[in-house]
Every structure is written in C-alpha cells, then in structure tokens.
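Quick notes on the structure that follows.
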Amino acid sequence: SAQARHLAWYRELVESAPPLGGDDHELWLARFGAEHDNLLAALLHGLGTDPAAALAIASGLWWYWWTTGQMAEGRVWLDRALAAGSFEPATGRAPALRAAASLARNSGDYDTARVHGSQSLALYKEIGDDAGIAAVLNGLCMTSQAQGDLEASLRFGQESEALARRTGNPRAIAAAVNNIGCTLRVMGRLADAGTRFADALEGFRSIADRQGEAAALTNLGILARRRGDSDTSRRHCLASLALYRELDLPEGERS
C-alpha cells in the first residue's frame, strides 16, 4: 500500500507541473532533478501494477529528460510504459506517443518520430482533443522538416496554426508560427520566414513564454546571418542565449 500511495503521489506531482516553457520552469526542473530517484521508483512500480500511472509519469517527464540530456533514458521508459499499457485508452496513449515522438526527433531518429507522431495524431482525432491535435501537428511539422519533406512540414504547420487560432491558444499559435518560419527559411523564402519569426516573438512575449521567446530570437539570428547581417544576428543570438541560461536549458544554449 505504501508503494501504491508513493506512485499516486508522484503521478499527481508530474501532472501538476506546467508545460515546457510555462511558469516556474526552472523551479520544476530542479524539483524533478531532486526527485529523480523517487520518480523512477514510482515508474518501475507502476509498470507492473498500474500501467496508466506509469504512462502518465513517463509522458509528463519527457521535457525534463530532453532538457537534462537524458533522452536515451527517457525513450526507454516511454517505450516500456507504452508496452505495459497496451490496452490504455487513447487519452493516456496519445500524449505518451507525442512525448515519444519528441524525444525520438530530438535524438535524430526522425523516422521513429514520424511514426509515433502519426499514431498520436490518429488517437487525438479519435478522442476529439483539439489542443492535442494542434500540438502533435506542430511536432510533425518539425519532424518532416528534419526529414526534408518540406511540403508536408508546411502543411502540418499550417494545420496546427489554424486549429490553434480556432481554439484561441496563444502558446500553440506562436509555436506553430515559429516552426512554419523554420520551414519557410529552409525553402529559401526568407522574407516570409522573417515575418513569421517576428510574429512568433511577439506572441511568445505576450504570454511571457521565455523558452519560446528564446527560440524565436535564435531563428531571427539565423535568418539575419543568412542575409549577411552579422550585427543583427549577434544581437538576437546573445539575447536568446541569455534567456536559455536563465531557464537552464543547455539544448537551447547549444542551438
């Protein structure tokens, strides 16, 4: 019974954390770090006794694993949780597959990320979760861009933006616009990309999303460098670096 209460408590803890880029990100990063052994103990117990709880914990921790460079460990736990919960309802499996897609993409395994993302999209559509659909479409935009499938990337991004606007989700709108800008930049449509990045920066700042703001600044810096404007590029990149350091996001610092 103690293990069951332990599992329930840590599931509640993970589910109460804000999304990546949300309020108090760095505080939650430190808290998950301090509780890492307990979280893994809860996960291990849940795999054998309560797969739904294990799946919820693994899904909620994906951004922690990504941020701290533990993507390989995170992928193993997510794979185990997905296998243990083969008969989980779509409400549990959809976010877990989206998390698995994110870790696969950030590990460079784009084919696996595309498969997981497509499976997650189908489940989100099955349950009619518009926020989930917009989020996974945004992930598929990034994945297909990395694969060089630029037309699909642009389509996924535009679908994500349209749905985010219909549901009035400012963070999802800014995220989609930012990633559409990346695809346009790869396509050589630099003017269109610049407009998108500027809109994304404004959107992230309007909701005080510092992680999103840093990402948009990085993209503006890369775009300025491609245009030959090294001074503007340096200014944007230094501003982005300062934000990533405040947030303790090494992955962002390296970008």
Side-chain angles (χ1 to χ4, degrees), residues 3-47 50-82 85 88-89 91-106 116 120 124 127 129-136 138-139 164 167 169-172 174-175 204 207-215 243-253:
Q3 285 181 309
R5 291 196 299 272
H6 180 272
L7 174 61
W9 196 91
Y10 279 97
R11 175 180 183 172
E12 183 178 347
L13 173 68
V14 170
E15 291 182 333
S16 65
L20 176 65
D23 297 337
D24 298 327
H25 167 83
E26 53 267 53
L27 295 178
W28 280 95
L29 188 64
R31 187 169 191 182
F32 283 162
E35 295 283 11
H36 188 249
D37 289 348
N38 272 312
L39 289 163
L40 296 190
L43 258 175
L44 187 60
H45 180 66
L47 288 175
D50 189 346
L55 202 60
I57 292 173
S59 300
L61 286 177
W62 81 266
W63 66 264
Y64 169 77
W65 285 316
W66 168 67
T67 300
T68 56
Q70 301 179 75
M71 288 181 286
E73 178 179 13
R75 293 184 69 184
V76 169
W77 282 110
L78 271 164
D79 286 347
R80 292 180 66 183
L82 283 163
E88 281 299 314
T91 50
R93 291 186 67 79
L97 286 164
R98 179 162 62 91
S102 296
L103 289 182
R105 179 177 61 252
N106 290 322
H116 285 327
S120 178
Y124 274 125
I127 59 179
D129 184 337
D130 287 342
I133 294 170
V136 78
N138 196 38
T167 57
N169 186 329
R171 178 174 279 113
F204 284 127
I207 56 173
D209 184 334
R210 290 177 295 158
Q211 189 270 340
E213 180 182 353
L243 286 169
Y244 279 129
R245 285 178 171 169
E246 286 178 16
L247 293 168
D248 193 19
L249 279 170
E251 286 293 320
E253 292 178 40

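Reckoned from all heavy atoms, side chains included, excluding hydrogens, waters and symmetry mates. Please read all numbers here as calculations on a predicted model, not as lab measurements.
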Measuring from [X]:[atom1] to [Y]:[atom2], what's the distance to the nearest 0.5 Å?
X    : Y    : atom1 : atom2 : value
L7   : L39  : CG    : CG    : 10.5 Å
L78  : L55  : CG    : CG    : 7.5 Å
Y244 : E213 : OH    : CD    : 10.5 Å
S59  : L82  : OG    : CG    : 7.0 Å
Q70  : L61  : CD    : CG    : 10.0 Å
I207 : R171 : CD1   : CZ    : 4.5 Å

Would you check if [X] and [Y] make a side-chain contact, meaning some heavy-atom pair closer than 4.5 Å?
X   : Y    : answer
W28 : R31  : yes
T91 : D129 : no
W77 : L44  : yes

Closest non-hydrogen atom pair between [X] and [Y], with its separation:
X    : Y    : result
A81  : A58  : CB-CB, 4.2 Å
I57  : V14  : O-CG1, 3.9 Å
A100 : H116 : CB-CD2, 3.7 Å

- Show your working on side-chain contact (heavy atoms from CB on, under 4.5 Å) between L97 and V136 and close with a plain yes or no. CA-CA 9 Å; L97 286 164; V136 78; over 6 Å; no
- Message: Using modelled atom types and a 3.5 Å cut-off, is there a donor and acceptor pairing between side-chain atoms of S16 and backbone atoms of L13?
- Response: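 Yes, the answer is positive, given that a donor and an acceptor are paired below the 3.5 Å cut-off.
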- Item | R80 side chain to L47 backbone, donor-acceptor under 3.5 Å |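 Here the side-chain-to-backbone pair does not exist.
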- More than 12 heavy atoms of other groups within 6.0 Å of E246 CD: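 Check passes, neighbour count above 12.
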- Task: Count the heavy atoms of every other residue, nucleotide or ligand shown that sit under 6.0 Å from CD of Q3, and state whether that count exceeds 12.
- Result: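 At most 12 heavy atoms, drawn from other residues, nucleotides or ligands, come within 6.0 Å of this atom.
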- Message: Regarding E15 and R11, does a basic nitrogen lie under 4.0 Å from an acidic carboxylate oxygen?
- Response: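 R11 and E15: salt-bridged.
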- Message: Using the rule ring-ring contact (aromatic ring centres under 6.0 Å, His included), only one of W63, W62, W65 pairs with F32; which is it?
- Response: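 One option only clears the test, and that one is W63.
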- Message: For Y10 and L40: C-alpha separation, side-chain torsions, deciding distance, then whether side-chain contact (heavy atoms from CB on, under 4.5 Å) applies.
- Response: CA-CA 10 Å; Y10 279 97; L40 296 190; over 6 Å; no
